[in-house]
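Take a look at the structure below.
Counting starts at 1 for both ligands and their atoms, in listed order. The basis for the numbers below is simple: all heavy atoms, side chains too, and nothing from hydrogens, waters or symmetry mates.
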Amino acid sequence: MLRLSLQVALPRPLPTPFDYLPPPGETADAGWVGCRVRVPLGRGEAVGVVIGTQVEARPPSTGSTAPSAALKPVIERLDARPLLAPDGEAWACLRFAARYYHAPFGQVWATALPAVLRDGGPLPQTHNLGWRLTPAGHSAFSGLRAGRPKSLASALAAFGVDGAPEARLDLDQPGWRPAARALAQRGLAETVALDARLRAAHAGPELNSAQCSAVAAITGSVGFAPILLDGVTGSGKTEVYLEAIRHALASGRQALLLVPEIGLTAQTVARLQRGLPVEVHALHSGLADGERARAWAAMVSGHGRVLVGTRSAVFCPLPEAGLIVIDEEHDASYKQQDGIRYHARDLALWRGQQLRVPVVLGSATPALETQRLVLAGRCLRLVLPARASAGAKAPSVRIIDVRKRRLEAGLSPELLEALEQTLARGEQALVFRNRRGYAPVLLCHDCGWSAPCKRCDASLTVHAGGKRLVCHHCGYRAAIPKACPDCASLALQPQGQGTERVEEALATRFPDARIVRVDRDTTAVRDGLAKKLAELGDGPGIFVGTQMLAKGHDLPRLTLSAVVSMDEGLFSADFRAGERLGQLLVQVAGRAGRAARPGQVLVQTHHPEHPWLALLLSGGYGALSAALLAEREGAALPPFAHWALLRAEATEAAAAEAFLAAARGHLLSIAGDGERISGLDWAGPVPAPMPRRAGRARAQLLLRAGERRALQAALGAALEGWYALPEARRVRWSLDVDPIDLY
Ligand code: ADP
Ligand code: ZN
Ligand code: ZN
């Protein structure tokens with residue numbers, strides 16, 4: 001008799017699913033599809049998802065790996081009903097991502113789920129619950145011993161009888177649940193069902209006419225509508241999102257808003273929460289596992305109406321979707337750089353199409369990919385031309401030519417003077433330097449030796465005020481050598497400036513000023529960015545930092561943005577360097593003068609005549625990006641061509657290159673197989689731009705096609721053969737479709 005087996009996708013880099021039998025006494029039927037199962041794997045266990053059933057005895061050509069004689073039964077079925085319905089849009093999105101990025105479905109599925117669910121945990125309950133103090137709690141809380149229960153009780157007291165929503169507590173009082181349980185056990189606190197519709201919402205400013213037309217265009221669109229909201233920094237894009245979300249809520253729909261940076265979620269959630277009558281959920285990797293699972297579950301169940309999240313939130317199911325917004329859509333962090341290398345903006349557009357909802361891409365500096373869509377008539381462009389708040393104007397920009405100038409830790413007298421005046425006026429300044437650490441290089445002044453990483457083809461960065469060397473690529477750390485290992489000279493000098501050194505110089509120059517450094521090193525703790533940004537409050541002071549500072553923060557007291565140097569970006573080999581530089585400069589400039597006080601921007605450079613700077617100054621980002629787009633078209637670079645990068649790394653460079661050569665050979669061997677790879681062209685194998693990293697040799701093969709379809713067809717035809725290549729066993733390899741970082 002024919003029995004059915006279960007095809008289980010596992011979160012492993014394996015091209016095909018595994019087959020398992022249902023547990024003894026149960027039959028495999030369609031009801032299993034989409035359910036999670038715990039299965040034996042090797043000597044251990046794994047959690048996977050059932051993606052289909054099939055007749056157990058079948059010819060080996062179907063691709064599943066386990067021969068039917070060896071089929072093992074599933075250990076445990078984890079869901080009675082599928083987490084994601086196999087006929088639903090969220091599941092289809094995973095299918096699409098697996099197909100488009102040529103990635104194993106099990107890995108895409110694991111990337112999309114919060115860790116708790118991926119590991120087999122239950123779907124959390126998401127009744128819309130809040131917590132409040134009982135009458136006993138109200139009279140007793142001030143007498144409690146200092147500690148977490150007491151601080152939670154004080155927070156609850158402020159919320160009164162309506163109670164504090166759990167999501168709110170997740171934000172304000174991370175890890176609050178044990179304290180809540182302790183209070184409840186003593187009869188001091190209790191849960192309360194929240195009526196989501198009864199929350200008070202602030203109306204916000206009256207929208208100006210550009211904002212009103214934008215809202216009308218978004219809410220008036222029928223079905224799928226890709227929309228670029230091209231608005232200068234401070235033009236009120238967030239207010240437009242808010243109004244469009246209100247509209248979605250009023251029609252009984254859910255909304256998803258993606259932000260590029262974990263550090264931005266708190267500010268955005270707070271702003272949305274103030275303006276919306278429902279609870280705003282957050283989903284990002286800065287939250288505890290349980291909180292993430294709850295936010296996800298809330299959206300699945302429909303209790304959650306609004307979700308703010310980072311990249312991976314793009315996979316969150318939205319059974320009643322009404323609107324998707326990608327804020328700062330140009331931001332490179334929407335592209336995942338390891339594992340499944342998906343682009344959240346592209347997936348959001350795909351989902352919008354399936355869900356038939358508008359997808360709003362907001363930016364002051366739209367990606368060239370998005371601008372191309374606009375030019376091709378495939379995306380509507382809405383413009384917010386001016387700053388929104390009363391009195392706010394575009395800041396004035398001045399280039400400071402620092403050639404032959406005496407600089408203090410890279411800072412020119414003009415820049416220092418402008419900082420001094422800003423502080424004297426009681427205002428805040430931002431000093432931008434896109435290098436963390438003390439100095440990018442440790443140099444021997446006598447022989448030119450510079451400290452290299454032993455494991456990477458890269459210099460070590462000087463850290464800790466000049467006491468330590470750190471590799472930014474592999475994490476290697478070393479003490480500063482006493483003498484040059486090549487010539488024994490003692491003249492070892494930190495060369496150039498990182499944020500630490502700029503901070504040090506500013507502290508010396510302005511001993512009484514408050515200086516706050518904002519980079520990966522100072523914001524590694526939970527909510528680190530928000531805490532750092534809050535440090536100056538309303539008082540005068542200086543922020544020093546990396547691109548973290550450039551992204552969408554609203555700092556009303558900030559009137560001066562100063563760029564120490566961006567000259568590296570002017571001569572980078574990366575064809576996206578001009579676009580990135582323009583975006584960064586405009587975003588940094590956009591931090592200044594967002595409220596009533598006028599803003600000023602200073603940019604130090606050794607190349608004041610560089611054409612990119614000239615274009616930015618004369619015509620803004622629009623002029624620069626138009627020129628860059630024309631250049632890309634002329635050179636047949638993305639977005640006018642479609643790329644995929646096959647990467648390989650191994651202990652020996654020869655092994656990595658041998659795999660790529662074999663992969664290319666395989667592609668050529670199937671070229672005769674119909675028209676499938678016509679229009680394809682390749683470069684490589686060549687060593688990666690950083691040929692050695694963390695002790696491993698790296699190489700790459702670039703595949704290019706004028707048509708996306710040709711590239712996809714070639715990858716689809718070649719992939720299975722690549723997995724099977726004998727050379728593949730000696731390397732780690734990965735495929736990056738639409739790569740944005742070539743390293
Ligand atoms: P963006 O998201 O485009 O950078 P925001 O939405 O953060 O801009 O708005 C910038 C500032 O302008 C905020 O302080 C916001 O409250 C204010 N603002 C936005 N729209 C208006 C408006 N129509 N009238 C007055 N102030 C506004
Ligand atoms: Zn030396
Ligand atoms: Zn290294």
Between [X] and [Y], which heavy-atom pair has the shortest distance, and what is it?
X: W449; Y: D486; result: CD1-OD2, 3.6 Å
X: L584; Y: A550; result: CD1-CB, 4.0 Å
X: D574; Y: S572; result: N-OG, 3.0 Å

Original post:
What residue among L629, L581, L616 forms side chain to side chain contact (heavy atoms under 4.5 Å, CB included) with L624?
Top reply: L616

Give me the residue, atom name and distance of the protein heavy atom closest to [atom].
atom: atom 20 (N) of ligand 1; value: Q211 NE2, 3.0 Å
atom: atom 2 (O) of ligand 1; value: T238 OG1, 2.8 Å
atom: atom 25 (C) of ligand 1; value: P205 CB, 3.7 Å
atom: atom 14 (O) of ligand 1; value: D554 OD2, 3.2 Å
atom: atom 1 (P) of ligand 1; value: K237 N, 3.5 Å
atom: atom 8 (O) of ligand 1; value: G236 N, 3.0 Å

Side chain, backbone, both or neither: which part of [X] comes within less than 4.0 Å of ligand 1 when only heavy atoms are counted?
X: E206; result: backbone
X: S389; result: both
X: R271; result: side chain

Subject >> Heavy-atom proximity to atom 21 (C) of ligand 1, best of P556, G590, A210, A388 >> reply: A388

**OP:** Considering only NZ, NE, NH1 and NH2 on the basic side and carboxylate oxygens on the acidic side, decide whether R372 and E369 come within less than 4.0 Å.
**Re:** no

Original post:
Is it true that R696 and E649 make a salt bridge, defined as a side-chain N closer than 4.0 Å to a carboxylate O?
Top reply: yes

[X] heavy atoms, cut-off 4.0 Å: which ligand 1 atoms fall inside?
X: L207; value: 23 (N)
X: N208; value: 23 (N)
X: E239; value: 6 (O), 16 (O), 19 (C), 20 (N)

Does [X] reach the main-chain N or O of [Y] with its side chain, forming a donor-acceptor pair under 3.5 Å?
X: R305; Y: V278; answer: no
X: E500; Y: A464; answer: yes
X: D519; Y: T522; answer: yes
X: S251; Y: H247; answer: yes
X: R692; Y: D457; answer: no

Subject >> Polar proximity ligand 1 side, G234 side, N/O cut 3.5 Å exclusive >> reply: yes

**OP:** Determine how many protein N/O/S atoms sit closer than 2.8 Å to the Zn ion (ligand 3), leaving waters out since they are not shown.
**Re:** 4

Original post:
What angle sits at the Zn ion (ligand 2) between SG of C447 and SG of C487, to 10°?
Top reply: 110°

Subject >> Interatomic distance, E243 atom CD to C212 atom SG [nearest 0.5 angstrom] >> reply: 8.0 Å

Subject >> Under 2.8 Å: N/O/S of H445 next to the Zn ion (ligand 2) >> reply: no

Original post:
Among Q700, K335, Q336, which one satisfies side chain to side chain donor-acceptor pair (under 3.5 Å) with D736?
Top reply: K335

Subject >> Counterpart residues, side chain to side chain donor-acceptor pair (under 3.5 Å), relative to S489 (two or more places apart) >> reply: D446

